[in-house]
Amino acid sequence: MSGPSPAGRRRLALAVTVLLALAASAATARVLDGRRPIVPAALADEAPALSPEAARRLSLGFGGLAADWYWLSALQYVGRKIEAQAQGGPPESTAAVELDRIKAVDPAVLVRYFELITTLDPRFMAVYEFGAVVLPAVDVQAAVTLLEKGIQANPDQWYLHQQLAYIYWQRGDYLAAADAFRRGARMTTAAWMERMAERMERQGDDPHVARAMYTRMYEQAQDDQVKQWALKRLMELRSLQEREAIRGVLSGFVTATGRCPRAWSDLTTGLRTAGLTVDSQGPPLDPSGTPYVLVVSPLGCDVSLHRSSTVPRG
């Protein structure tokens, strides 16, 4: 009876390699986890005890797998903080906490996780993307340091310069943002990088620049969470523009009639003329498809998001 074919032997060797890698991953996780001191539940959010270099030595050549393990731990940490922050908000609010507005995280914990992951696997692109969005809310300089580390470790990844430009832009440092875009532009044929640099220098706080920034981040994002976050930001910008248009229609109605409208149906023609999407029942719809709320009080009339809307609130 003949032995397995060469192709069969290769498949067997591959299967054995995968099994060994999985076993090593589990062992590495136990070693890394076991090295952390036992702490009270109140201190469970302390940064990982191991230094990045110690973790790299203990990873036994499976740095990528260890980085995956720390990445999951970091996401779980952020998830807990999002939940805690949401529970601490106003009881009438049902809006989710956005990635770039998480104030409850301890920057020291998050920075240690990101240092560990990027030391174990310097080409872990999702960490740089995620860090560029989450970290600036609690430690802008740490976010800049993380992206510069990523750029140095991945000189072929031009789009990391876009993430760095985003950090500077959020801080209002438009010249530094323009410089980051130009550094990236020198690495790619994507002409929009140079155009973004020029727009930053002319008027970085222009709403059109914000829309271009989030559009490019949505298009380039490799991490799904960052992609969905950028999409939410685009929804928010569109809603802000729509609410200004609605206020213009409201103002025109008050000027013409001397009173606020009793219902959205009083404004249907004006809303449609302004280019707004209007429900068959009369209300204008926000970018999530939820009707806007008509607010009428002794002080006048206005528009607001419905509590069930998924459009982010500033």
Side-chain angles (χ1 to χ4, degrees), residues 52 63-64 66-79 81-82 96-103 105 107 109-171 173 176-177 179-185 187-188 190 192-193 196-197 200 209-237 312:
D68 287 340
W69 181 74
Y70 275 121
W71 175 235
L72 292 176
S73 298
L75 293 180
Q76 289 169 357
Y77 170 74
V78 171
K81 292 304 182 180
I82 289 177
V97 178
E98 299 300 323
L99 289 180
D100 59 339
R101 296 170 186 174
I102 308 172
K103 301 291 188 179
V105 297
V109 175
L110 212 50
V111 167
R112 174 54 69 90
Y113 270 122
F114 292 162
E115 286 178 344
L116 280 164
I117 297 165
T118 55
T119 297
L120 290 163
D121 184 359
R123 295 187 67 82
F124 204 125
M125 294 298 111
V127 179
Y128 304 116
E129 286 188 356
F130 193 78
V133 173
V134 175
L135 266 181
V138 290
D139 192 334
V140 174
Q141 189 52 51
V144 171
T145 300
L146 175 69
L147 265 294
E148 290 289 7
K149 178 181 181 180
I151 289 169
Q152 184 176 1
N154 302 277
D156 58 325
Q157 298 296 326
W158 58 266
Y159 81 99
L160 289 177
H161 292 278
Q162 173 185 313
Q163 313 300 323
L164 181 61
Y166 166 77
I167 297 170
Y168 284 124
W169 172 72
Q170 278 287 78
R171 192 168 66 179
D173 191 344
D179 179 67
F181 271 123
R182 284 208 166 89
R183 287 166 61 189
M187 302 167 58
T188 176
W192 65 266
M193 294 280 280
M196 282 295 289
M200 284 289 172
V209 171
R211 188 173 296 107
M213 174 69 78
Y214 292 124
T215 297
R216 292 300 181 181
M217 292 185 77
Y218 174 78
E219 293 172 347
Q220 303 297 330
Q222 299 182 26
D223 180 75
D224 287 340
Q225 294 176 94
V226 172
K227 184 176 283 290
Q228 290 306 309
W229 162 81
L231 185 60
K232 286 286 191 71
R233 280 286 158 270
L234 289 168
M235 289 173 60
E236 182 180 31
L237 289 173

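Every value quoted in this text rests on a predicted model; they were computed, and no experiment measured them.
When the options Y128, Y218, W229 are evaluated for a ring-ring contact (aromatic ring centres under 6.0 Å, His included) with Y166, the one that passes is W229.
Residue L237 holds its CG atom at 11.5 Å from CE of M213, rounded to the nearest 0.5 Å. One finds the CZ atom of F130 at 5.0 Å from the CD atom of Q225 (value rounded to the nearest 0.5 Å). Distance check, rounded to the nearest 0.5 Å: CH2 of W69 to CD1 of I117 gives 10.5 Å. Going from atom OG1 of T188 over to atom CG of D156 covers 11.5 Å, rounded to the nearest 0.5 Å. In this structure, CD in Q163 is found 10.5 Å from CE in M125, a value given to the nearest 0.5 Å. The line from OH of Y214 to CE of M235 is 14.0 Å long, rounded to the nearest 0.5 Å.
Looking at N154, its side chain never comes within 3.5 Å of a backbone N or O of Q157 through a donor-acceptor pair. The backbone N or O of D223 sits less than 3.5 Å from a side-chain atom of E129, completing a donor-acceptor pair.
The two residues A137 and K103 have their closest heavy-atom pair at O-NZ, 3.4 Å. A pairwise comparison of heavy atoms in R101 and P312 identifies NH1-CB, 4.2 Å as the closest pair. The two residues L160 and L147 have their closest heavy-atom pair at O-CD1, 3.6 Å. Contact detail for L146 and G131: the closest heavy-atom pair is CD2-CA, 3.8 Å. L234 approaches R211 most closely through the heavy-atom pair CD2-O, 3.6 Å. In plain terms, the two heavy atoms of M196 and A212 that are nearest each other are SD-CB, 3.8 Å.
D100 has no carboxylate O lying under 4.0 Å from a charged side-chain N of K232, or vice versa, which leaves the two without a salt bridge.
At a threshold of 4.5 Å between non-hydrogen side-chain atoms, the residues L116 and R112 count as touching. The side-chain heavy atoms of F114 and F124, taken from C-beta on, include no pair separated by under 4.5 Å. Using a 4.5 Å heavy-atom cutoff, the side chains of W158 and M193 are in contact.
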Stepwise, does the side-chain contact (heavy atoms from CB on, under 4.5 Å) test hold for V78 with K81? CA-CA 5 Å; V78 171; K81 292 304 182 180; 5.7 Å; no

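A donor atom on one side chain and an acceptor atom on the other are found under 3.5 Å apart for Y159 and Q222.
You'll find the ring centres of W71 and Y113 outside the 6.0 Å limit.
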